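Counting starts at 1 for both ligands and their atoms, following the listed order. Here the structure is a predicted model, which means the values were calculated and not measured.
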Amino acid sequence: MDSFPFSKNDLIRMRNAKRITAITGAGISSESGIPTFRGEGGLWRNYRAEDLATPEAFAKNPDLVWEWYDWRREICANASPNPGHLTLAKWETLVPDFTLITQNVDGLHPRAGSKNLYQIHGNIFTARCLGCGNLTDIDPKKQREDSCSICRSKLRPHILWFGETYESGLLESCFKRTSSSDLILIIGTSANVSVPASMAKEGIRNGALSIEINPERTSLSNLVDYSLQGKSGEILPKLLDEIYK
Ligand code: OAD
């Protein structure tokens, strides 16, 4: 993308935006070498979610499920945040109120320095006790624990699986953020999962200026003010320069 299609008035709105919410999906991490879910080479094209990402699959074959997450965690541990992640972390330092809602479990946003962050689908570096709910960090360099250090119950990946509901209170907080935002950024998500897509729509309905960044069009492309087609690692740094130049 050589130049941005923004009107002068919208550029001023972007520059003056005090409450900004970014919603990210797997696409922002694809330039870090982490596979997405639905695109070419996407995980759901090669694996059946029913076998690996449901409570029933874990009950049936916990070792297989852990193995799959161990494999993915290793990819994430060996990856580094790209300019897309780094730009969002920098952006947070420039405005009074910046919230990042990510569907990603890869840990690259916190590693890039993002602080005001909701990881709504969990974190691949965390295990959760099936008994007491205690959360434990998983150190990718060490042997993973199988049972809880407090109550000895079995541990599971701290990931939101298909058929599960979001943590209580989490959605309310996210919807509150998006519905009161001046600017919404929707980055690297196919918008196939309805809840995060609704968060974006809620912000748009409430009058936020909205920008989508994605090489492909999605169901949100016609709803946003600007649909920027391209890679987030390339567009985001330029966008920040354009707004705050
Ligand atoms: P998807 O795999 O559904 O979509 C990834 C999106 O990223 C697609 O729209 C791509 O066009 C776009 N994309 C690819 N490369 C990009 C790049 N360099 N820059 C910007 N965008 C790029 O991933 P999500 O929308 O994140 O849930 O999927 C949502 C959820 O579905 C995931 O969190 C996961 C999955 O089931 C759970 O595991 C709970």
Exercise. Roughly how far, to the nearest 0.5 Å, is CD1 of Ile138 from CD of Gln143?
Worked result: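 These two atoms lie 11.5 Å from each other.
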Exercise. Do other residues, nucleotides or ligands put more than 12 heavy atoms under 6.0 Å from the CG atom of Asn46?
Worked result: yes
For this session: Report all protein residues having a heavy-atom distance below 4.0 Å to some atom of ligand 1; order the list by chain, then number.
Result: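 Lining ligand 1 at under 4.0 Å, by heavy atoms, one finds Gly25, Ala26, Gly27, Ser30, Glu31, Thr36, Phe37, Arg38, Trp44, Gln103, His121, Leu160, Phe162, Gly188, Thr189, Ser190, Val193, Asn214, Pro215, Glu216, Lys231, Ser232.
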Problem set entry | Pairwise ring pair (Phe, Tyr, Trp, His ring centres under 6.0 Å) hits with a residue in residues 222-241, at least two apart |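 Every pair satisfying ring pair (Phe, Tyr, Trp, His ring centres under 6.0 Å) with a residue in residues 222-241: Phe6-Tyr226.
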Exercise. How about Thr24 and Thr102: does a side-chain donor come under 3.5 Å of a side-chain acceptor?
Worked result: yes
Problem set entry | Donor-acceptor pair between Ser179 and Asn206 side chains, under 3.5 angstrom |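 Ser179 vs Asn206: no donor-acceptor pair found between side chains.
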Problem set entry | Verify same cluster id: Ile34, Ile159 (apolar side-chain graph, 4.5 Å) | yes
